[in-house]
2 protein chains.
Amino acid sequence: MKTMHKEHTLTKNQQIIFDLIDKSSEPMKAYAILFNVQKKGIKAPLQVYRALDKLVEIGKIHKIESRNAFIACHNSSCQVAKATAFSICEICEKVTEISSAGLSKYLANFKDKDGMKYSKYNLEFFGLCKKCR
Amino acid sequence: MKTMHKEHTLTKNQQIIFDLIDKSSEPMKAYAILFNVQKKGIKAPLQVYRALDKLVEIGKIHKIESRNAFIACHNSSCQVAKATAFSICEICEKVTEISSAGLSKYLANFKDKDGMKYSKYNLEFFGLCKKCR
DNA sequence: AACACTATGTAATAATATAACATATATTAG
DNA sequence: CTAATATATGTTATATTATTACATAGTGTT
Ligand SMILES: [Zn+2]
Ligand SMILES: [Zn+2]
Ligand SMILES: [Zn+2]
Ligand SMILES: [Zn+2]
């Protein structure tokens with residue numbers, strides 16, 4: 001078997017925060033998350049950041065670096081928690097995870113001028129989404 | 001002539017801050033920049049951020065989004081202020097701007113599943129640099 | 001001179017993220 | 001099972017990154 005998926009059982013805080021992000025239609029910022037989960041007993045920024053760190057680490061969510069925001073992974077079976085690509089609408093800020101075999105293959109095989117390959121990358125495309133065009 | 005380069009005459013603050021970043025061997029963070037230019041009369045964060053915004057806008061520097069840091073553009077004639085790619089060493093944090101015709105062509109021509117093209121992108125590769133391998 | 005535009009100066013504050021320390025819960029080894 | 005270890009949580013304080021708001025100054029155009 002080529003890829004074995006370790007099942008990560010989420011802890012309570014991780015589950016609460018993942019559920020919130022997962023059902024959100026847009027990327028969520030840490031303090032928006034905090035505000036939303038306070039009714040569930042998560043009171044401090046650090047509790048949020050710790051859960052976010054872990055969720056990113058195991059690939060359940062991704063951080064949109066240019067926006068300091070987080071979205072759930074929608075690459076179904078995301079073996080590529082470390083090879084991410086997104087399109088970002090510069091008007092409505094809609095973010096979509098790009099799942100392109102061609103793109104990931106190209107980038108995974110890309111060699112810099114020293115012949116160096118990189119297995120980990122993050123790519124953010126910017127433009128206008130369908131609605132905003 | 002294909003690309004006409006408007007010469008941007010930098011203002012005083014812009015020049016001070018660009019010079020500092022340009023001579024730095026590593027990406028600089030905004031408050032490190034602030035600290036360094038205080039002797040030159042730039043006293044407030046906003047003065048730094050305004051200069052940074054402008055310098056990014058005209059392509060003299062780039063922001064490394066995953067690090068909240070800034071480096072001078074070294075794509076010599078950077079027509080691609082909006083199409084940037086970097087390699088980042090996860091140990092020593094060395095950042096290098098990637099200048100690859102193949103890569104930029106591939107990305108500029110990349111179409112998502114809706115057939116959408118993106119003229120603007122930012123790509124960050126992560127790995128270990130020569131020294132850290 | 002009048003106007004528009006860009007840049008600067010300054011103070012206050014907002015938004016994002018981490019350090020430090022105490023406690024609790026889960027996992028593993030003996 | 002129990003002790004040891006690792007992971008997760010709770011809490012307070014603080015560090016880091018970035019923007020709002022408003023006043024002033026310079027630059028170029030008509
Ligand atoms: Zn994903
Ligand atoms: Zn849009
Ligand atoms: Zn460049
Ligand atoms: Zn290195």
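- In this model, the phosphate group of dT16(D) is not approached by any side-chain N or O of Y31(B) to a distance below 4.0 Å at OP1 or OP2.
- Here the side chains of K60(A) and L10(A) are in contact, with some heavy-atom distance below 4.5 Å.
- Following rounding to the nearest Å, L46(B) (CG) and dA18(D) (P) show an atom-to-atom distance of 13 Å.
- The side chain of A30(B) lies closest to dA18(D), out of dT11(D), dA18(D), dT9(D).
- One interatomic measurement links the two molecules: CD of Q47(A) to C1' of dT9(D), which rounds to 7 Å at whole-angstrom precision.
- Contact annotation: N68(A) does not reach the phosphate of dA18(D) (side-chain N/O to OP1 or OP2, under 4.0 Å).
- Atoms CG (D53(B)) and C1' (dT20(D)) sit 14 Å apart, rounded to a whole Å.
- Computed from coordinates, the L34(B) CG to dT19(D) P distance equals 15 Å when rounded to whole Å.
- Between Y106(B) and Y106(A), the angle of the ring planes stays under 30°, which puts this pair in the parallel group of the 30/60° scheme.
- Put simply, chain A comes within 4.0 Å of DNA chain C, heavy atom to any atom, from dT16(C) to dA20(C), going 5' to 3'.
- If you find the closest nucleotide of DNA chain C to A32(A) and to I42(B), the one lying nearer the 5' end belongs to I42(B).
- By the 4.5 Å heavy-atom criterion applied to side chains, N122(B) and F86(B) are counted as neighbours.
- Protein atom NZ of K54(A) is 8 Å distant from nucleotide atom C1' of dT7(D), rounded to whole Å.
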Can you give each donor-acceptor pair under 3.5 Å made by side-chain atoms of residues 109-116 of chain A, sequence neighbours left out, with the distance rounded to 0.1 Å?
residue, atom, partner, partner atom, Å
N109(A), ND2, K105(A), O, 3.1
D112(A), OD1, D114(A), N, 2.8
D112(A), OD1, G115(A), N, 3.1
D112(A), OD1, M116(A), N, 2.9
D112(A), OD2, Y118(A), OH, 2.6

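- Residues G41(A) and K29(B) both approach DNA chain D. Their nearest nucleotides, taken by heavy-atom distance, put G41(A) toward the 5′ side.
- Of the charged side-chain nitrogens involved, none lies within less than 4.0 Å of a carboxylate oxygen, so that R67(B) and E124(B) do not count as a salt-bridged pair.
- At a threshold of 4.5 Å between non-hydrogen side-chain atoms, the residues L123(A) and L107(B) count as touching.
- The nearest whole Å value for the distance from the CZ atom in R50(A) to the P atom in dT12(D) is 13 Å.
- Residues E93(A) and I88(A) form a side-chain contact, since some pair of their non-hydrogen atoms from C-beta on lies under 4.5 Å apart.
- Place P45(A) and K12(B) on DNA chain C by their nearest nucleotides, and K12(B) ends up nearer the 5' end.
- Taking atom CG on N13(A) and atom P on dT11(D), their separation rounds to 11 Å, with Å as the unit.
- Put simply, CG on L52(B) is 10 Å from P on dT19(D), counting in whole angstrom units.
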